[in-house]
Amino acid sequence: MSRAALVVIDAQESFRQRPIWAYGSNPDLVRQVDRLVAAARQRGDLVVWVLHAEPDTGTLFDPALGHVRLLDGLVPVEGEPTLVKTAHNAFTTTNLQQILTLAGVLDLTVCGIRTEQCVETTTRVGADLGYRMTFVSDATLTFPIPHWDLPATATVEEILADPRTLSNEAIVSRTEYALAGRFATISTVDELTGATLAGARG
């Protein structure tokens with residue numbers, strides 16, 4: 001039985017359809033996630049894919065619109081579960097914990113969209129459930145966060161022009177600071193795929 005798993009969270013087309021997609025923190029997300037997936041498969045680790053859905057809402061996360069699917073370039077193989085959640089974290093509305101328990105998983109690595117929201121909340125819940133969590137910052141993606149009193153109708157340009165908007169860099173830094181050493185180990189794709197070591201040897 002595998003004792004480690006990689007969970008890819010919300011790396012889905014719904015986000016690409018948003019105007020703010022072009023201002024995401026990690027244009028290289030698909031390649032970074034794909035590297036993690038390839039390394040996990042090579043080790044024999046379980047890979048679990050999670051999508052976020054908001055049925056009957058008419059939003060980009062409504063499955064009826066066709067965007068609740070993985071980003072192009074990310075393809076599960078036979079035996080890799082694809083779960084659909086309706087909460088921020090990947091545990092509450094899915095059978096993820098059951099899947100991990102049946103696979104004997106103790107070590108859980110997470111990546112995906114959004115750094116400070118679904119990936120972070122999954123990390124916190126996973127830690128509370130007793131998993132040894134690894135948070136791969138450079139295989140996550142997020143977007144600038146507008147101030148809470150900015151109107152919901154604000155354009156991307158207005159969000160970016162507002163000095164109160166939280167930048168991608170600040171979001172990633174704060175997320176790492178909150179998780180590191182308490183809920184998770186913070187790691188990178190190079191570290192987890194052995195690229196750093198391979199580079200040093202070369």
Side-chain angles (χ1 to χ4, degrees), residues 6-38 47-76 80 82-90 93-94 109-123 135-176 178-179 186-190 192:
L6 170 67
V7 179
V8 182
I9 303 165
D10 298 356
Q12 64 192 71
E13 185 65 26
S14 308
F15 288 103
R16 196 195 297 272
Q17 296 299 313
R18 288 178 160 181
I20 204 165
W21 173 261
Y23 301 94
S25 62
N26 187 358
D28 208 23
L29 177 74
V30 169
R31 189 180 75 87
Q32 293 289 69
V33 170
D34 194 51
R35 290 175 61 199
L36 286 178
V37 170
V47 177
V48 181
W49 305 85
V50 181
L51 298 169
H52 184 79
E54 298 171 0
D56 303 318
T57 60
T59 70
L60 292 170
F61 295 89
D62 188 334
L65 272 66
H67 303 306
V68 181
R69 54 185 171 84
L70 291 170
L71 291 167
D72 289 345
L74 299 177
V75 182
E80 294 177 352
T82 298
L83 311 180
V84 178
K85 64 180 179 61
T86 55
H88 288 314
N89 80 81
T93 57
T94 72
T109 298
V110 293
C111 63
I113 307 175
R114 304 171 59 162
T115 307
E116 81 295 347
Q117 193 178 72
C118 295
V119 187
E120 180 183 6
T121 55
T122 298
T123 301
F135 184 93
V136 192
S137 291
D138 62 347
T140 70
L141 179 147
T142 195
F143 309 94
I145 298 177
H147 191 269
W148 57 81
D149 70 359
L150 198 67
T153 55
T155 65
V156 171
E157 291 73 20
E158 289 170 334
I159 292 171
L160 296 176
D162 188 337
R164 301 169 301 173
T165 294
L166 200 61
S167 70
N168 293 333
E169 294 77 12
I171 295 166
V172 173
S173 176
R174 292 180 185 203
T175 303
E176 290 178 342
L179 294 177
I186 308 299
S187 193
T188 68
V189 174
D190 280 353
L192 295 178

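As the structure is a prediction and not an experimental result, all values here were calculated from the model. No hydrogens, no waters, no symmetry mates; every other heavy atom, side chains included, goes into these values.
Taking 4.5 Å as the limit, some side-chain heavy atom of Trp49 sits within range of a side-chain heavy atom of Val37. You'll find the side chain of Phe61 stays beyond 4.5 Å of the side chain of Thr86, heavy atoms only. Between Pro76 and Leu70, some side-chain heavy-atom pair lies under the 4.5 Å cut-off. Taking 4.5 Å as the limit, some side-chain heavy atom of Ile20 sits within range of a side-chain heavy atom of Pro144. Side chains of Val50 and Thr122 form no contact here, defined as non-hydrogen atoms less than 4.5 Å apart. Residues Asn89 and Cys118 form no side-chain contact, since every pair of their non-hydrogen atoms from C-beta on lies 4.5 Å or further apart. You'll find the side chain of Val68 reaches within 4.5 Å of the side chain of Ser14, heavy atoms only.
A donor and an acceptor atom, one from each side chain of Thr115 and Thr142, are nowhere located under 3.5 Å apart.
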Can you check side chain to side chain contact (heavy atoms under 4.5 Å, CB included) on Val172 and Asn26, steps first, answer last? CA-CA 11 Å; Val172 173; Asn26 187 358; over 6 Å; no
For Phe135 and Thr140, run side chain to side chain contact (heavy atoms under 4.5 Å, CB included): C-alpha distance rounded to whole Å, both residues' side-chain angles, the deciding distance at 0.1 Å, then the answer. CA-CA 9 Å; Phe135 184 93; Thr140 70; 4.2 Å; yes
Test side chain to side chain contact (heavy atoms under 4.5 Å, CB included) on Leu74 and Gln12 and set out the steps. CA-CA 9 Å; Leu74 299 177; Gln12 64 192 71; over 6 Å; no
Where do Val30 and Asp72 land on the side chain to side chain contact (heavy atoms under 4.5 Å, CB included) test, with the steps shown first? CA-CA 8 Å; Val30 169; Asp72 289 345; over 6 Å; no
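Nearest heavy atom pair, residue Val189 against residue Val136, reads N-CG1, 3.7 Å. When every heavy atom of Pro19 is checked against every heavy atom of Val156, the shortest pair comes out as CB-CG2, 3.7 Å. Scanning all heavy atoms of the two residues, the minimum distance from Ala53 to Val84 falls at CB-CG1, 3.5 Å. Closest of all the heavy-atom pairs between Cys111 and Ala139 is CB-O, 3.2 Å. The heavy-atom pair separating Asp34 from Gly73 by the smallest distance is OD1-O, 4.0 Å.
Here the OG1-CD1 distance, from Thr165 to Ile159, works out to 6.5 Å after rounding to the nearest 0.5 Å. Once rounded to the nearest 0.5 Å, the distance linking CZ of Arg18 with CG of Leu60 reads 6.5 Å. Atom CD of residue Gln117 and atom OG1 of residue Thr175 lie 10.5 Å apart, to the nearest 0.5 angstrom. Note that CD of Gln32 and CG of Leu192 are 10.5 Å apart. Values are rounded to the nearest 0.5 Å. Annotation: the span from Thr121 atom OG1 to Glu116 atom CD amounts to 9.5 Å, rounded to 0.5 Å. Considering CG of Leu51 and CD1 of Ile113, their distance stands at 10.5 Å, rounded to 0.5 Å.
Taking a 6.0 Å sphere around CZ of Arg164, one finds it holds more than 12 heavy atoms contributed by other residues, nucleotides or ligands.
Qualifying side-chain hydrogen bond (donor to acceptor under 3.5 Å, both in side chains) partners for Thr57, counting only residues two or more places apart in sequence or in other chains: Thr59. In this structure, the side-chain hydrogen bond (donor to acceptor under 3.5 Å, both in side chains) partners of Gln17, at least two apart in sequence or on a different chain, are Glu13.
The list of ring pair (Phe, Tyr, Trp, His ring centres under 6.0 Å) pairs with a residue in residues 148-168, not counting sequence neighbours, is empty.
No side-chain donor-acceptor contact under 3.5 Å links Ser173 to the backbone of Glu169. Proximity of a side-chain donor or acceptor of Asp138 to a complementary backbone N or O of Thr188 within less than 3.5 Å is not detected.
A side chain to side chain donor-acceptor pair (under 3.5 Å) with Asp10 is found for one member of His52, Lys85, Arg114 and no other, namely Lys85.
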